[in-house]
Amino acid sequence: GNPDFSGTWVLDRSISNDPALLNFDTPQSNGRGQTQFGRRGITLGGRGGARKVDGLDASSTADERTKLAALVDQLKKGAATLVISHHDPSFVINDGGDRTQFLDTSGGQRDVTIGGVTIASTARWSADQIVVEYTLSSRRTLVYTYTLLPKTTQMVLRVRLDVTDGPRGNGTVLKLVYVLMPASK
């Protein structure tokens, strides 16, 4: 059977990325060589124009940015503790900011409201991981992968931005490692 993710999970900051530093939308600081030329093979240097052909900034829409900002904000504020109630296919996450998401691992799409923004999400099993995809647009998806490490009673959450066309963001993968709190008696 599939693993059960239920429990109170506390972020182990010593072996995790710092969620407060998370920023998917910074192509300019991205070792410029990679995105500077955009798709046209030219640089518009000298007029501060390089940003316009740059990765995420130029081509991301206001809607994409609003959704991404809401998700990133939730991560920054709520990632320290996750309380998961998992009775497959129901996968409910209550975070440190006391925000609750109701997901369904059977792969159907459902809208979740995060920070006042409605975002289409799907959750599904991939082997023994749970993959949750938040659709920012037809070409951008924020992907959360939950992996249980039963031997060490840890859970790893990886967050990455998938881009289907053009420059692939800055390849940021946020890795958060959680330890299971013993159930209170």
Side-chain angles (χ1 to χ4, degrees), residues 2 4-11 16-28 51-52 54-126 129-148 155-176 178:
N2 287 322
D4 183 349
F5 284 80
S6 296
T8 298
W9 297 95
V10 177
L11 184 63
S16 300
N17 300 132
D18 183 352
L21 301 177
L22 179 62
N23 190 353
F24 287 104
D25 214 352
T26 52
Q28 304 90 293
R51 269 199 301 283
K52 303 246 183 338
D54 236 352
L56 241 50
D57 256 13
S59 59
S60 59
T61 63
D63 187 49
E64 285 172 356
R65 275 194 219 164
T66 302
K67 290 176 178 175
L68 184 61
L71 285 159
V72 167
D73 186 58
Q74 171 164 314
L75 264 176
K76 288 179 177 178
K77 290 181 176 160
T81 313
L82 298 179
V83 179
I84 295 178
S85 174
H86 182 198
H87 304 283
D88 217 55
S90 165
F91 189 69
V92 181
I93 305 170
N94 181 264
D95 72 8
D98 200 29
R99 282 169 290 200
T100 304
Q101 285 184 67
F102 298 89
L103 300 164
D104 180 331
T105 59
S106 52
Q109 181 171 311
R110 57 166 58 186
D111 287 342
V112 293
T113 302
I114 293 172
V117 183
T118 302
I119 304 172
S121 72
T122 58
R124 59 185 166 78
W125 285 99
S126 173
Q129 300 177 319
I130 289 179
V131 178
V132 184
E133 298 185 345
Y134 297 95
T135 304
L136 306 179
S137 68
S138 60
R139 60 214 175 103
R140 295 217 166 94
T141 309
L142 201 61
V143 183
Y144 289 52
T145 305
Y146 295 84
T147 308
L148 214 52
M155 177 179 73
V156 180
L157 169 58
R158 286 186 176 83
V159 182
R160 72 173 194 275
L161 183 65
D162 270 5
V163 181
T164 55
D165 66 338
R168 303 200 56 82
N170 56 11
T172 304
V173 176
L174 179 72
K175 181 183 174 187
L176 302 175
Y178 290 86

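Taking the side chain as every heavy atom from C-beta outward, L11 and P19 approach each other to under 4.5 Å. Counting only heavy atoms from C-beta outward, the side chains of N17 and L22 never approach each other to under 4.5 Å.
Judged by distance alone, with hydrogens and angles left aside, the side-chain atoms of T8 form no donor-acceptor pair with the main-chain N or O of V83 at under 3.5 Å.
The structure places CG of L103 at 9.5 Å from OG1 of T122, a figure rounded to the nearest 0.5 Å. Separating the NZ atom in K175 from the OG1 atom in T145 is a distance of 12.5 Å, to the nearest 0.5 Å. The CD1 atom of I93 sits 12.5 Å away from the CZ atom of R99 when rounded to the nearest 0.5 Å. Once rounded to the nearest 0.5 Å, the distance linking CG of L157 with CG of L174 reads 7.0 Å.
Judged purely by distance below 3.5 Å, without hydrogens or angles, the side chains of T118 and D111 never pair a donor atom with an acceptor atom. For the residue pair D63 and T61, no side-chain donor N or O sits within less than 3.5 Å of a side-chain acceptor on the partner.
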**Message:** Using the rule given for side-chain contact (heavy atoms from CB on, under 4.5 Å), can you reason through Y144 versus L71, listing the C-alpha separation, both sets of side-chain angles and the distance that settles it, and then say yes or no?
**Reply:** CA-CA 11 Å; Y144 289 52; L71 285 159; 3.8 Å; yes
Name every donor-acceptor pair, under 3.5 Å, that has one atom in a side chain of residues 129-137 and the other anywhere in the protein, sequence neighbours excluded.
| from | atom 1 | to | atom 2 | distance (Å) |
| --- | --- | --- | --- | --- |
| Q129 | NE2 | T147 | OG1 | 2.8 |
| E133 | OE2 | R124 | NH2 | 3.2 |
| Y134 | OH | Q101 | OE1 | 2.6 |
| Y134 | OH | Q101 | NE2 | 3.4 |
| S137 | OG | E64 | OE2 | 2.5 |
| S137 | OG | R139 | N | 3.2 |
| S137 | OG | R140 | N | 3.2 |

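Of all heavy-atom pairs between Q74 and D95, the closest is CG-OD2, 3.3 Å. Across M155 and Y146, no two heavy atoms sit closer than the pair SD-CD2, 4.1 Å. Shown here for A120 and Q109, the closest heavy-atom pair between the two residues is CB-NE2, 3.3 Å.
The aromatic rings of F91 and H86 sit perpendicular to each other, their planes meeting at more than 60°, with 30° as the lower class boundary. Between F5 and W125, the ring planes are tilted. Angles from 30° to 60° get that label.
L176 pairs in a side chain to side chain contact (heavy atoms under 4.5 Å, CB included) with only one of the listed residues (V156, L75, D18, L82), which is L75. The only member of L142, I119, V72 that meets side chain to side chain contact (heavy atoms under 4.5 Å, CB included) when paired with K67 is I119.
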